[in-house]
Amino acid sequence: MSKKMIDEATASEPAAPGESPFPDAASAWQTAKSIDLGDIVGAEGRVGRTKTGELTLWVTRFRLLSKSLRPPPEKWHGLTDVEQRYRKRYVDLLANAESRRLFLLRARIIDYIRSVLRRRGFIEVETPVLQPIYGGAAARPFTTHHNTLDTQLYLRISPELYLKRCLVGGLERVYEFARCFRNEGISPRHNPEFTMLELYQAYGDYHDMMEITEEIIGGAARDVIGSTKIKFGEREIDYTTPWPRRRYADLFLEYVGLAIDDVAAIRERAAQHFARKQITLDPAKADDAVVIGAMFEHYVEHHLVNPTFVIDYPAPLCPLTKRHPTDPRFALRFEVYMNGMEMGNAYSELNDPKIQHETFSAQLRGEDDTMAVMDDDFVEALEYGMPPAGGLGIGIDRLCMLLTGNESIREVLLFPLQRQSPSEVQESNG
RNA sequence: GAGGGCGUAGCUCAGUCGGUAGAGCAUCGGCCUUUUAAGCCGUUGGUCCUGGGUUCGAGUCCCAGCGCCCUCACCA
């Protein structure tokens, strides 16, 4: 009955058996027998050993603190049904020590990141989740409505444009663990709501962001998980820093086999390959950069298993990024990939209001969603003068997946979104 | 959204060729009196995901729906 307490009790000096709070043995056992598995009890007594040598608690005072009305899952197998583990996470946590350990690790990873940023002089801020204009990423938003203001609002797809407003205001090193919402498909790597760390450093650039990325992720592997080599599925990923910096165009040439400026050949190749796959993009109707981006995603990304910085993206794909000073076809942006998955995204931030106004106005053909939704107030903010800055975003859920070896994002979310079960539908309609 | 797999007791799972719904653990009742999931004996427990169909007869076969998982697409 009190196994849990005994497990967690700190062993002290052994006590002699035989001390009892109960008038007689019969009433003691009667009380003990009324306790069910799952009840929470408080007990005091001496830690000791039984005659067979097992650690035990010789109880002198005993009280029922909470009654369990439902039987817990079987002790040996625990709760293994995936759907039940997600829907009834409290039962999963109760029954499976591994599940509790995982969320403890997640908390430690986040603590670790905060400690890195605190050491570097960043302050944590909170910016709006409800936004009148959504931006900072290319995704479909959730739409909602405020009754009193009678206005349409969006759940943020990114905190970027607000964090940069903080830079304008002189908060020179800011970060936010931003819950973001994207009205897109659900997959083992995508949940409609997810947590993104975004940070901005005035007078920094994307090279500084690479250093911070290495410190955050490489350091979390080393200090929280305890190793810079971590298994993920069949693979082992090596987080030892520094990580390679590879130019986008070079990787494109290496894995697609075509020079990035050979647009005619790329379009021909894209037409062949996308026709056979179930890809919605029609290369004939898309801008060059969109076709190149799609080819990169399908032919390069999955090769990037160990942490790799992909640097210098085609400029049209980067409406919020500074152009390369010597070659304006490219932007000072990197994405960091691990296990073929995008884990982070960073720029030397565009701070020229005129260029920002232009990139907001330019609509790329072939993209379902655009990063470039005109935000006049943001442009006005830039007109006050935003310091040159490096900005970085890291997908916290995905980072937790990789560091803890979980292949589904739902495993690292306490309460992943599930469709309403039939009983829930009945209740909410009734 | 498309394709594939799965759904049986509170939990973990069997269920043959279509022929009375099963086990272990949990519950409950005894016995025992200190266990590293599980002491012994006994007992209870079912919308076989839902709804149709085929059949003398469906957990099993067929159709539709719901939910979960995987792959693909949008996306990070």
Side-chain angles (χ1 to χ4, degrees), chain A residues 1-4 6-7 17-18 20 25-26 28-30 32-34 36-38 45 48-59 68-88 91-92 94-97 136-141 157-158 178 180-198 274 276-281 293-294 297-298 301 335-338 340-345 366-371 393-399 401 407-411 416-426:
Chain A
M1 65 174 183
S2 56
K3 176 164 191 322
K4 193 172 171 185
I6 292 170
D7 283 346
S20 173
W29 282 105
Q30 206 56 42
K33 277 171 60 179
S34 71
D36 291 321
L37 210 53
R49 292 198 178 271
T50 67
K51 62 189 174 192
T52 55
E54 297 294 344
L55 197 60
T56 192
L57 186 70
W58 298 103
V59 173
S68 174
L69 300 180
R70 291 180 186 264
E74 196 204 355
K75 206 170 167 185
W76 179 242
H77 296 94
L79 185 70
T80 61
D81 180 81
V82 173
E83 183 175 354
Q84 290 307 312
R85 288 186 44 242
Y86 296 159
R87 284 193 194 280
K88 309 284 181 190
V91 182
D92 176 45
L94 208 56
N96 300 321
R140 289 162 57 199
I157 59 174
S158 154
C180 298
F181 306 82
R182 297 187 184 175
N183 208 338
E184 311 274 1
I186 296 174
S187 85
R189 280 161 291 281
H190 302 264
N191 195 65
E193 58 180 298
F194 64 103
T195 302
M196 193 157 61
L197 167 69
E198 278 207 13
F274 291 176
R276 275 191 273 123
K277 294 178 180 270
Q278 199 186 353
I279 292 168
T280 54
L281 177 69
E297 280 175 27
H298 287 96
E301 286 186 358
E335 290 192 354
V336 60
Y337 282 88
M338 299 165 198
M341 199 160 58
E342 184 193 335
M343 287 297 307
N345 180 20
E367 279 192 327
D368 294 338
D369 309 302
T370 177
M371 283 177 76
I394 292 176
I396 294 299
D397 313 289
R398 288 184 171 183
L399 179 61
M401 288 168 64
E407 301 197 45
S408 171
I409 195 170
R410 288 172 222 118
E411 289 293 341
L417 185 66
Q418 300 283 94
R419 226 181 223 105
Q420 280 191 312
S421 64
S423 63
E424 287 169 330
V425 173
Q426 196 177 20

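Below, read A as the first sequence line, B as the second, and so on, with proteins coming before strands; counting in each chain starts at 1.
Nearest heavy-atom pair, A139(A) versus R182(A), reported as atom, atom and distance to 0.1 Å: CB-CD, 3.4 Å. Closest of all the heavy-atom pairs between S158(A) and C180(A) is CA-SG, 3.9 Å.
Here the C1' atom of nucleotide A76(B) and the CD1 atom of I157(A) are 11 Å apart, to the nearest Å. Distance K75(A) NZ to U35(B) P: 13 Å, rounded to the nearest Å. Regarding R140(A), its CZ atom lies at a distance of 13 Å from the P atom of A76(B), rounded to whole Å. At whole-Å resolution of the value, CD1 in I186(A) and P in C69(B) are 9 Å apart. For R85(A) and C69(B), the CZ to C1' distance is 12 Å, given to the nearest whole Å. To the nearest angstrom, C1' of C66(B) lies 10 Å from CZ of R87(A). Summarising the geometry, the separation between CG on L37(A) and P on U35(B) is reported as 17 Å, rounded to the nearest angstrom. At whole-Å resolution of the value, NE2 in H298(A) and C1' in C74(B) are 10 Å apart.
With sequence neighbours left out, the side chain to side chain contact (heavy atoms under 4.5 Å, CB included) criterion links S187(A) to R189(A), H190(A). Scanning for salt bridge (charged side-chain N to carboxylate O under 4.0 Å, His left out) contacts around E407(A) gives an empty result, with sequence neighbours left out. Residues passing the salt bridge (charged side-chain N to carboxylate O under 4.0 Å, His left out) test with D397(A) are R106(A), sequence neighbours excluded. Residues forming a salt bridge (charged side-chain N to carboxylate O under 4.0 Å, His left out) with R85(A) (at least two apart in sequence, or on another chain): D92(A), E411(A). For E335(A), the salt bridge (charged side-chain N to carboxylate O under 4.0 Å, His left out) partners two or more places apart in sequence, or in a different chain, are R333(A).
In this model, the phosphate group of C68(B) is approached by a side-chain N or O of R419(A) to a distance below 4.0 Å at OP1 or OP2.
You'll find that the side chain of S408(A) is closest to C70(B), out of C74(B), C70(B), A76(B). The side chain of F194(A) lies closest to A76(B), out of A76(B), A37(B), U71(B).
Nucleotides G4(B) and U36(B) have their C1' atoms positioned 43 Å apart, rounded to a whole Å. Taking atom C1' in both G18(B) and G57(B), the straight-line distance is 8 Å, to the nearest Å. U16(B) and G1(B) have their C1' atoms separated by 40 Å, with the value rounded to a whole Å. On the P atoms, G7(B) is 22 Å away from G24(B), given to the nearest whole Å. One C1' atom belongs to G52(B), the other to U12(B), and the distance between them is 32 Å to the nearest Å. U71(B) and G59(B) have their P atoms separated by 34 Å, with the value rounded to a whole Å. Distance noted for atom P between A14(B) and C49(B): 14 Å (whole Å). Between the P atoms of U34(B) and A38(B), the separation comes to 15 Å (whole Å).
Among the heavy atoms of the strands lying under 4.0 Å from N191(A) is at least one base atom, whether or not backbone atoms are also near. Looking at heavy-atom distances under 4.0 Å, G185(A) makes contact with a base.
The 5' end of RNA chain B is approached more closely, in terms of each residue's nearest nucleotide, by E407(A) than by the other of E407(A) and R182(A). The 5' end of RNA chain B is approached more closely, in terms of each residue's nearest nucleotide, by R410(A) than by the other of R410(A) and S187(A).
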Between the protein and nucleotides 10-12 of chain B, list the N/O to N/O atom pairs that are separated by less than 3.5 angstrom.
{"unit_1": "C11(B)", "atom_1": "O2'", "unit_2": "E74(A)", "atom_2": "N", "d": "3.3"}
{"unit_1": "C11(B)", "atom_1": "O2'", "unit_2": "G78(A)", "atom_2": "O", "d": "3.0"}
{"unit_1": "U12(B)", "atom_1": "OP1", "unit_2": "T80(A)", "atom_2": "N", "d": "2.9"}
{"unit_1": "U12(B)", "atom_1": "OP1", "unit_2": "T80(A)", "atom_2": "OG1", "d": "3.2"}
{"unit_1": "U12(B)", "atom_1": "OP1", "unit_2": "D81(A)", "atom_2": "N", "d": "2.9"}
{"unit_1": "U12(B)", "atom_1": "O3'", "unit_2": "T80(A)", "atom_2": "OG1", "d": "3.4"}
{"unit_1": "U12(B)", "atom_1": "O2'", "unit_2": "H77(A)", "atom_2": "NE2", "d": "3.4"}

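No donor-acceptor pair under 3.5 Å is formed between the side chain of R398(A) and the backbone N or O of M343(A). The backbone N or O of R410(A) sits nowhere less than 3.5 Å from a side-chain atom of N191(A) that would complete a donor-acceptor pair.
C56(B): Watson-Crick or G-U partner is G19(B), with both key distances under 3.5 Å. Both distances falling under 3.5 Å, in either a Watson-Crick or a G-U wobble arrangement, occur for no nucleotide opposite A37(B). Nucleotide G67(B): paired with C6(B) (Watson-Crick or G-U wobble, both distances less than 3.5 Å). Both distances falling under 3.5 Å, in either a Watson-Crick or a G-U wobble arrangement, occur for no nucleotide opposite G46(B). For C72(B), the paired base is G1(B) (Watson-Crick or G-U wobble, both distances below 3.5 Å).
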